[in-house]
Protein chains: 2
Amino acid sequence: MTLRQVEVIRAVMVTGTIGGAAKLLNVSAPGISRLVKYTERSLGIRFFQRQNGRYFPTPEAENIFEQINGVYKKVDDLSELISKIGRGGLSELRIGSVPSISQVMVPRAIERVRRRYPDLGIDINILKIEEAIDYLLLGRGECVAMSYRLEHSGLDFMPLASGELYCIVPPGHELAGRKQVSAAEITRYPLIGIDPNDPYGRIMAEIFARNRLDYNITIRARFGTTVCALVKAGLGIAIIDQFTVAHGGYPGIELLKITEPTRFDTYIAVKRGAPLSLHVEYFIEALRTEMRAVEPSRSNGKAVPARGRKK
Amino acid sequence: MTLRQVEVIRAVMVTGTIGGAAKLLNVSAPGISRLVKYTERSLGIRFFQRQNGRYFPTPEAENIFEQINGVYKKVDDLSELISKIGRGGLSELRIGSVPSISQVMVPRAIERVRRRYPDLGIDINILKIEEAIDYLLLGRGECVAMSYRLEHSGLDFMPLASGELYCIVPPGHELAGRKQVSAAEITRYPLIGIDPNDPYGRIMAEIFARNRLDYNITIRARFGTTVCALVKAGLGIAIIDQFTVAHGGYPGIELLKITEPTRFDTYIAVKRGAPLSLHVEYFIEALRTEMRAVEPSRSNGKAVPARGRKK
DNA sequence: ACTTCAACTTGGCGCAGCGTCATCATGCTC
DNA sequence: GAGCATGATGACGCTGCGCCAAGTTGAAGT
């Protein structure tokens, strides 16, 4: 007894004719005719009386009809539940992100996720570095997009994308309109920066350190967006990762390429050993796609397989 | 969503492994593996987490599991009902027969029916000719095995089998041990017969009429079995159709072939236009088979199709 | 550290269920 | 009696799903 048989029998009972059932099920009549006959033969039960080319149920079939409808209803319930879950219902995607990535890239990735799972509940958290570990370990979320990798035996890191750093200046600034600037030039202006104790701040600082340049942070902020706001307000210039300002993510400032090579690596952190939900996998893939799309240069060929996270 | 998929998902959930499910469903593991994967892919839902070659349900699947069990239960109910009906439960075979056929042939046919439909309720009626019409027209039964065909616009007749007539004598009778006797010889003894007004009786009488023989009925009975009993008691000899006494149906008498050709036709009568139940069709077929098996001579090749009653 | 084992996965193959269209038989309608 | 609608049947092709054999991978045993 297959579901197909139940379906077909029911359709014939409902419509009363083979052709009607065929139309109802969007198939051609011969298939229905054959399947009904085969089913009757294999079960040893006659469901229908043929009377002048018309089908009507036998007394036995009346009994069966109720049961069939019961089965059908249950299957309907099941299908509905499945489709609800298929659209993301009944479950929640809980993810975190450091501020730089959450500014532009995460919303774009989330938009993709929403399209794929319209009913999915989504919980996004902006986390500072130190919060991310607990966030994952305590199961408050499934993954965190981070701007560097830290060693922790309870976490796994997967590379996400690599970007560059830019120098941002307010419009009308002396440097505005320049194609690119060197690190040395940057140090000649009042700088707005992130606390170098913060790993994010260290990334910014590293470029000067590498070139043994002295620099002077006039204002320290914690988030890249704050930095942008301060720059926009004309309080100085700054260095920032490209993801924070991608897609015109922060209007009213100008981006300047930095002569020296820079690199800004991002990662997805997950709790080690915890299986990933389908949704979060989709999110990670979407985020990776979005971020690689703005990567400065990359052969961009191979897509990292979604589940190859071990080793 | 096919029932197969539900079945497989459930089996995997229950057993926890692909192999276990395969064993449970009596198929090989690759099929299960593939179907599960295909189903997950096509529904966009992950039912199982793969962990160290072990399957366990995702949180979503837990929800679905209940529903699947519900479907399963309903399908089980349905299967049970179907198998009950398949064994003949919930319905009744109601048939009638004239005495001559009911004596030996009907029970043998019914035995076949019982084997095929162990749970089928069976109602057998022994009917005199005149009762048969009402029996059918009022829907008291679906068919009647009769020993001749009558014209009635409300009934249809289908040929059943043709037999011969025999002369029966008590053991020790003068004719006992003879291979065959002629009609003329029979008339020399006291005869036990059926009322010639009764169509059944007329059949017996016809053999003498055809040969223009005078004969003398000393005792008149109504049923063939009564005739047999009277013969057995030594009260005379008689002519009787072979079906009544087939398979040693009436021990204690001797059968003598009659020299002249004889013929005893039987029919199945059904209400015209009324559809036949599967059971009664099976019964008719069984009865036909039984009766043709004792027919004196027939190429015995072709089986009349069960439903070819029209025209 | 190497082997072994027990799972699942993958590839290749074959059958049969069920889809299609074309054609035919039947009973109803005008 | 011609035309129409409905099913039945035949021929044929695709694909789901069965099988076996061989390849992975993590866990356990020595």
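Keep in mind that the numbers below use all heavy atoms, side chains included, and drop hydrogens, waters and symmetry copies. Every chain is numbered from 1 and lettered A, B, ... according to where its sequence line falls, protein lines coming before strand lines.
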> Please check the phosphate of D:dG7 (OP1 and OP2 only) for any side-chain N or O of A:Lys37 closer than 4.0 Å.
no

> What's the closest nucleotide to the side chain of A:Ile18 if the choices are C:dT10, D:dG7, C:dT20?
D:dG7

> Is any side-chain N of the basic residue among B:Arg50 and B:Glu40 closer than 4.0 Å to the acidic one's carboxylate O?
yes

> Side chain of A:Thr2 only, please: which of C:dC18, C:dT9, D:dC19 is the nearest?
C:dC18

> Would you mind reading off the distance between A:Gln49 atom CD and D:dG7 atom C1', rounded to a whole angstrom?
16 Å

> Expressed in angstrom and rounded to an integer, what is the separation of A:Leu3 atom CG from C:dG17 atom C1'?
15 Å

> What is the distance from CD of A:Glu40 to P of D:dG7, rounded to the nearest Å?
13 Å

> Touch check for B:Leu35, heavy atoms < 4.0 angstrom, all strands: base, sugar-phosphate only, or nothing?
sugar-phosphate

> Measure from NZ on B:Lys23 to P on C:dC8 and round the result to the nearest Å.
10 Å

> Establish, yes or no, whether the cationic atom of A:Arg10 lies under 6.0 Å from the six-membered ring centre of A:Tyr72 and within 45° of the ring axis.
yes

> Select from B:Gly20 and B:Arg34 the residue whose nearest nucleotide in DNA chain C is closer to the 5' end of that strand.
B:Gly20

> Could you tell me whether the phosphate oxygens of C:dA6, OP1 or OP2, come under 4.0 Å of any side-chain nitrogen or oxygen in B:Tyr55?
no

> With DNA chain D as reference, determine whether B:Pro30 or B:Tyr38 sits nearer its 5' end, using the nearest nucleotide of each.
B:Tyr38

> Hey, does the side chain of B:Ser28 come within less than 4.0 Å of D:dC19's phosphate (OP1/OP2), counting only N and O?
yes

> What is the distance from CZ of B:Arg50 to P of D:dA27, rounded to the nearest Å?
17 Å

> Is there a donor on the side chain of A:Arg4 or the base of D:dG16 sitting less than 3.5 Å from an acceptor on the other?
no

> State yes or no: are the ring centers of B:Phe56 and B:Phe48 separated by less than 6.0 Å?
no

> So B:Thr17, base contact, sugar-phosphate only, or nothing? Heavy-atom distance under 4.0 Å.
sugar-phosphate

> Between C1' on D:dC19 and CG on B:Asn26, what's the gap in Å once rounded to a whole number?
14 Å

> Salt bridge (Lys or Arg N to Asp or Glu O under 4.0 Å) with A:Asp156: which of A:Lys271, A:Arg272, A:Arg149?
A:Arg272

> Between A:Arg115 and A:Glu111, is there a salt bridge with N-O shorter than 4.0 Å?
yes

> How close or far is atom C1' of D:dG16 from atom CD of B:Glu7, stated in whole angstroms?
15 Å

